[in-house]
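Quick notes on the structure that follows.
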Amino acid sequence: MTNAPAIRVQGLVKRFGKTEVLTGIDLEAARGEVTCLLGPSGSGKSTLLRCIAFLEEATDGFIEIDGAPLGFALGPDGDRMRLPPNDIRGVRSKIGMVFQQFNLWPHMTALGNVMEALVTARGMSKAEAEERARARLAEVGLAERATHYPSELSGGQQQRVAIARALALEPKIMLFDEPTSSLDPELTGEVLNVMRKLAEGGMTMVVVTHEIGFAASVGHKIVFLDQGKILVEGTPGEVFGKPRHPRIDQFLDTYLDRGAAGLL
Amino acid sequence: MTFDFALVLENVPNIARAFGVTLGVWAGAVVFGSIGGFAIAVARRWGPTPVGWLLRAFVEVIRGTPFLVQIFLLYYGGPFIGLSLDNIPAGLFGLSVYAAAYYSEIFRTGFEAIPKGHLEAADCAGFTRAQTLRRIVLPEMTMLVLPAMVNMTILMLKETAVLSIISVPELTLEVSAIGTAHYAFVESFTIVALLYWGLTDLCGRAGRLAEARFSRYRFSHS
């Protein structure tokens with residue numbers, strides 16, 4: 001198992017009713033690798049990420065985290081079978097998730113948000129949890145804001161608290177679902193810096209993003225999705241360098257129109 | 001006819017006792033009603049589908065009929081199905097059931113108003129459903145439903161007056177008896193009105209205090 005990739009996705013299909021959002025995705029992420037999922041809206045990139053977080057259950061296919069099946073496995077009779085809740089909980093504990101809308105709990109301070117799962121879900125003592133939570137908040141540059149409620153923090157600060165909250169649970173993999181899409185450009189930078197530091201520290205990350213510059217500079221692998229399929233996959237140089245897939249060209253044009261040419 | 005408060009003063013002990021009954025039935029119905037209402041809302045949201053239908057039907061019936069009719073049916077009709085209750089227990093039970101139906105609707109809309117992402121964050125952090133309910137849903141819902149809860153709780157106090165119809169010795173019944181005995185309706189009902197109003201005002205103040213306390217937890221919209 002030690003040589004298993006951090007994430008392995010095989011033949012993943014997700015249907016909502018009759019709409020096929022993911023049409024057979026195969027993807028691997030090595031440990032310490034930063035994978036950026038790009039694509040137009042509706043391409044299925046967020047759904048793919050949410051399936052890896054097990055917030056959505058895939059209709060078919062398999063996901064392995066560190067070699068352990070997530071949610072579903074091939075049964076002895078060759079059928080796809082759902083694993084028991086405790087197994088699912090165990091594998092999910094290796095995954096940290098950061099949302100576009102931060103999703104901090106509004107009735108808890110920044111410190112409370114970071115401590116909460118340590119105490120409630122992991123059964124850690126309050127003192128120990130607080131020590132760890134304060135350390136994580138310091139890492140995202142928010143030691144001074146520990147006693148503030150989410151409503152008293154800027155969007156960028158809230159998102160950094162959300163990252164600290166996920167990191168406090170010591171995940172092996174961090175998933176980011178458009179982490180800067182609800183932020184002003186000015187606040188985007190502080191969140192991306194935290195993520196950049198995390199990547200440099202060797203965290204395995206999967207990031208759904210529209211920040212092409214971030215993807216090109218921090219991503220080890222770019223995965224471009226279109227209509228529920230992986231259209232292009234490779235290093236930033238391979239995906240963004242010339243010759244380019246015409247669909248990528250078209251996609252990038254919308255960014256270049258907005259003056260992002262210098263980033264590429 | 002003169003406005004003679006001396007009449008009322010003579011009856012202070014009776015009025016105090018009746019006020020105590022009103023207070024007790026009200027408090028009991030609010031406590032049992034909100035617990036029951038919460039249970040109904042939880043069962044409708046997370047329970048099996050047929051249970052949800054039954055509870056929905058129950059809520060619709062309670063909301064769709066006057067409390068006066070319900071309490072009559074419970075008190076006079078109850079014995080036909082083996083439910084013989086004295087007037088105070090019947091009043092408390094009837095009002096609690098009535099409250100549960102309304103509170104459950106308040107809680108239900110409260111559940112729906114909690115952003116789904118807050119629950120997903122708890123799910124990702126490894127919370128069990130019970131932990132999510134206790135640590136996230138309950139506190140978030142409390143601040144969302146507080147104004148509606150206060151409103152309903154005030155209404156409940158006034159509904160206790162309906163219990164006079166089944167001879168619960170509460171404020172309205174006792175004071176109207178005094179009024180009848182002395183033909184002093186204006187005096188007696190002025191006192192009744194003041195007592196109800198004083199109590200609802202206290203309740204409203206408590207609600208506003210709680211809302212102020214919770215206001216820093218308000219949802220931030222970025």
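Letters A, B, ... are given to chains in the order of the sequence lines, protein chains preceding strands, and every chain is numbered from 1.
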Take a 6.0 Å sphere around CZ of B:Arg56 and say whether it holds more than 12 heavy atoms from other residues, nucleotides or ligands. no

For B:Thr142, is it the side chain, the backbone, both, or neither that has a heavy atom closer than 4.5 Å to a heavy atom of chain A? neither

Distance (rounded to the nearest 0.5 Å) between B:Glu120 CD and A:Phe54 CZ: 13.0 Å

Above 12 or not: heavy atoms from other molecules or residues under 6.0 Å from CH2 of B:Trp46? yes

If I take atom OG1 from residue A:Thr120 and atom CD from residue B:Gln131, how far apart are they, to the nearest 0.5 angstrom? 6.0 Å

Can you tell me which portion of A:Ile95 sits under 4.5 Å from chain B's heavy atoms? Options are side chain, backbone, both or neither. backbone

State, yes or no, whether a side-chain contact exists between B:Pro115 and A:Gln101 at a heavy-atom distance under 4.5 Å. no

With a cut-off of 6.0 Å (strictly less than), are more than 12 heavy atoms of other residues, nucleotides or ligands near CD of A:Glu57? yes

Between SG of B:Cys124 and CG of A:Leu55, what distance do you get to the nearest 0.5 Å? 4.0 Å

Within a 6.0 Å radius of atom CZ on B:Arg129, are there more than 12 heavy atoms belonging to other residues, nucleotides or ligands? no

Where does A:Leu183 contact chain B at under 4.5 Å (heavy atoms): side chain, backbone, both or neither? neither

Taking C-beta and beyond as the side chain, do B:Asp123 and A:Arg92 meet within less than 4.5 Å on heavy atoms? yes

Could you check whether atom CZ of A:Phe16 has more than 12 heavy atoms from other residues, nucleotides or ligands sitting under 6.0 Å from it? yes

With no hydrogens and no angle check, is any side-chain donor or acceptor of A:Trp105 less than 3.5 Å from a backbone partner on B:Ile136? no

For the backbone of B:Met143 and the side chain of A:His107, can you confirm whether one donor and one acceptor N or O come within less than 3.5 Å of each other? no

Taking everything shown except B:Phe93 itself, do over 12 heavy atoms lie less than 6.0 Å from its CZ? no

Are B:Thr128 and A:Arg89 close enough that some pair of their side-chain heavy atoms sits under 4.5 Å apart? yes

So, for A:Ala121 and B:Gly126, which heavy atoms are closest and what is the spacing to 0.1 Å? CB-O, 3.6 Å

Is atom CZ of B:Phe32 surrounded by more than 12 heavy atoms (other residues, nucleotides or ligands) closer than 6.0 Å? no

As an exercise: rank A:Arg122, A:Glu116, A:Met97, A:Arg165 by heavy-atom pairs under 4.5 Å with chain B and give me the winner. A:Glu116

